[in-house]
Amino acid sequence: MTNALLPLDGITVVTLEQAVAAPLATRHLADLGARVIKVERVGEGDFARNYDHEVHGLASHFVWLNRGKESVALDLKSPEGSEIVRHLVARADVFVQNAAPGAAERLGLGGEELVARHPRLVVAGISGYGTGGPLRDRKAYDMLIQAETGLISVTGTPETATKTGIPSADIAAGLYACQAVLAALLRRERTGRGGVVDISMFDATVEWLGHPMYIQLYGGRQIPRMGLSHASIAPYDAYPTADGQILIGVQNDRGWQSLVGDVFGRPDLADHPHLATNPLRVAHREECDRVVAEQTRRFGTAELEARLAAAGVPAAQVNDMAGLVAHPQLSARDRWRQVDTPAGPIAGVLPPVSFRDVELPMGPVPALGAHTDAVLAELGVDAARIDRLAAAGVAGRPARVPATAE
């Protein structure tokens, strides 16, 4: 690695954020080299700080989503607190917020108002359901969006619908928000003007549902919930081995021929009258799965995985989180790094984007209000006034977080 310039070096982002969607977007911007100033409530901060206390007393969501940021704690309901935020935004390149509908406008931080005053500013607003429509003012937690969009209807087993095990709607919105900010910054380089972009969790999740949505639109049918299986492909599921299980996903008829001939040593199954083509295998899924399971039980998991890999048949271990943490693909590629937190160092995985000439930074996870004094001093607020603001509860400073033993 060289000392090449980080992609967003020199870009300042001010964010009024909480939970997952906006913090994910701005964490990616921080990973890319932007300075991210996170404005939090005095005393409580981002409520994701208290989702759990699993990481040496810190919340797992918070350490995941907020490394590399500066925390400034302010009472935005006070005139002085809201004025300070407006001064911060005036000096920024980007302002990101996922406050409740109308809250940013009430603070004088509405997108159109900000861009009118600061034409080069990029403003990204993340909402639950968008800026209009009958659900505009509804509460919009991840699970509610998964239900409202129908994501839950295609997730789970035939017997039970479930939400995804991760906050998919939040993550989708955060990724599109990051993409939108980068696009707006690129446009600003060409035109000299920023602008307002709106991202909703609802719209982001609808985009991810394109495949089942088009089947409904033009096929007139709801795709079934398939568990680990696939509505349009067979064999595609977890199958038993002599000592566990393995997931096999055959994408085409050549893959089927390789599976039964090269892996199972049963070339006669390639032309089986119910199994020779994918449409036949889907139509006779129960028989197909029974035939495959009869064969996979002959092998131990490690041996079968090696045979599948040698034959080029798509397959995977069915891991849990312990398996992920210990996964050789992460360790062999040197993906783990140390991240500093108020409770001591923790392990973190490098960002998914890798630049060949520079490693993206993984900055510390901030204590609530850790940067209040420094950021206010940059704005020209003298030390005596900062003390007065802190004493009045307008500005917050960090409380000591005790480190816990590993």
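- For Gln216 (side chain) and Gln222 (main-chain N/O), a donor-acceptor pair under 3.5 Å exists by modelled atom type.
- Residues Ala19 and Leu65 come closest through the heavy atom pair O-CD1, 3.5 Å.
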Criterion side-chain hydrogen bond (donor to acceptor under 3.5 Å, both in side chains) on Ser82 and Arg106, from CA distance to verdict: CA-CA 10 Å; Ser82 60; Arg106 290 191 295 272; over 6 Å; no

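- A donor-acceptor pair is defined here as one N or O able to donate and one able to accept, closer than 3.5 Å; no such pair exists between the side chain of Asp203 and the backbone of Tyr129.
- Annotation for Leu175 and Trp208: closest pair CD1-CZ2, 4.5 Å, computed over non-hydrogen atoms.
- Salt bridge status for Glu294 with Arg290: present, with a side-chain N to carboxylate O gap under 4.0 Å.
- Once rounded to the nearest 0.5 Å, the distance linking CG of Leu29 with CD1 of Ile11 reads 9.5 Å.
- Using a distance-only test at 3.5 Å, with no hydrogens or angles considered, a donor-acceptor pair links the side chain of Gln97 to the main chain of Ala99.
- A donor-acceptor distance shorter than 3.5 angstrom exists from the side chain of Arg27 to the backbone of Trp64, with no hydrogens or angles considered.
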CA sep, side-chain torsions, deciding dist, call: Val55, Val365, side-chain contact (heavy atoms from CB on, under 4.5 Å): CA-CA 12 Å; Val55 187; Val365 176; over 6 Å; no

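- Under a 3.5 Å cut-off, the side chain of Arg397 and the backbone N or O of Gly369 do not form any donor-acceptor pair.
- Residues Glu70 and Val375 have side chains in contact (heavy-atom distance under 4.5 Å, counting atoms from C-beta outward).
- Minimum heavy-atom separation, Val313 to Leu259: CG2-N, 3.9 Å.
- With rounding to the nearest 0.5 Å, the separation of CZ in Arg41 from CG in Leu368 is 9.5 Å.
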Residue pair Leu379, Arg91: steps toward the side-chain contact (heavy atoms from CB on, under 4.5 Å) verdict: CA-CA 9 Å; Leu379 294 177; Arg91 297 158 60 102; 3.2 Å; yes

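- Within 6.0 Å of atom CE in Met143, 12 or fewer heavy atoms from other residues, nucleotides or ligands are found, so the atom counts as exposed in its surroundings.
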Full working for side-chain contact (heavy atoms from CB on, under 4.5 Å) between Trp336 and Val349: CA-CA 5 Å; Trp336 291 101; Val349 180; 3.5 Å; yes

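- For the residue pair Arg298/Gln295, the side-chain donor-acceptor check at 3.5 Å is satisfied.
- Residues Leu185 and Glu189 form no side-chain contact, since every pair of their non-hydrogen atoms from C-beta on lies 4.5 Å or further apart.
- Residues Val13 and Val181 have side chains not in contact (no heavy-atom distance under 4.5 Å, counting atoms from C-beta outward).
- Between atom NE2 of residue His61 and atom CD of residue Glu54 there is a gap of 11.5 Å, rounded to the nearest 0.5 Å.
- Looking at heavy atoms from C-beta onward, Val358 lies in side-chain contact with Leu6 at the 4.5 angstrom threshold.
- Taking the six-membered ring for Trp and thresholds of 30 and 60 degrees, Tyr214 and Tyr218 have nearly parallel ring planes, at less than 30 degrees apart.
- Considering only heavy atoms from C-beta on, Ile233 comes within 4.5 Å of Asn278 through its side chain.
- Aromatic ring orientation, Phe264 versus Phe299: parallel (interplanar angle below 30°, classes split at 30° and 60°).
- Nearest heavy atoms, Gly249 versus Tyr236: CA-CD1, 3.8 Å.
- Atom CZ of Arg117 has more than 12 heavy atoms from other residues, nucleotides or ligands within 6.0 Å.
- No side-chain heavy atom of Thr155 sits under 4.5 Å from any side-chain heavy atom of Ser168.
- Expressed to the nearest 0.5 Å, how far CG of Leu144 lies from CD1 of Ile152 amounts to 8.5 Å.
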Glu105 and Glu113: CA distance, side-chain angles, deciding distance, side-chain contact (heavy atoms from CB on, under 4.5 Å) verdict: CA-CA 8 Å; Glu105 286 75 10; Glu113 179 182 356; 5.9 Å; no

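- In Glu112, the CD atom is not crowded: 12 or fewer heavy atoms of neighbouring residues, nucleotides or ligands sit closer than 6.0 Å.
- You'll find the side chain of Leu58 reaches within 4.5 Å of the side chain of Pro342, heavy atoms only.
- Contact record, Leu114 with Gly108: CD2-O, 3.9 Å, taken as the closest heavy-atom pair.
- Here the side chains of Val353 and Asp31 are not in contact, with every heavy-atom distance at 4.5 Å or above.
- The existence of a salt bridge linking Arg266 and Asp268 is confirmed by a sub-4.0 Å separation between a basic side-chain nitrogen and an acidic carboxylate oxygen.
- Atom CZ in Arg281 sits 12.0 Å away from atom CD in Glu287 (nearest 0.5 Å).
- Judged by distance alone, the side chain of Asp170 and the main-chain N or O of Met201 form no donor-acceptor pair under 3.5 Å.
- Nearest heavy atoms, Leu76 versus Gly81: CD2-O, 4.0 Å.
- Side-chain atoms of Asn319 never come within 3.5 Å of backbone atoms of Leu324 as a donor-acceptor pair (strictly under, hydrogens ignored).
- Here the side chain of Asp52 pairs a donor or acceptor atom with the backbone of Ser60 at under 3.5 angstrom.
- A salt bridge is absent between Lys69 and Glu40; no separation between the charged side-chain nitrogens and carboxylate oxygens falls under 4.0 Å.
- Between Arg188 and Asp93 there is a salt bridge, since a side-chain N of the basic residue sits under 4.0 Å from a carboxylate O of the acidic one.
- Looking only at distances, no side-chain donor or acceptor of Thr241 sits under 3.5 Å from a matching main-chain atom of Thr296.
- Checked by atom type, the side-chain pair Thr301/Gln317 shows no donor-acceptor distance below 3.5 Å.
- Side chain of Arg307 to backbone of Val263: a donor-acceptor contact under 3.5 angstrom is found.
- Going from atom CG of Asp253 over to atom OG of Ser258 covers 11.0 Å, rounded to the nearest 0.5 Å.
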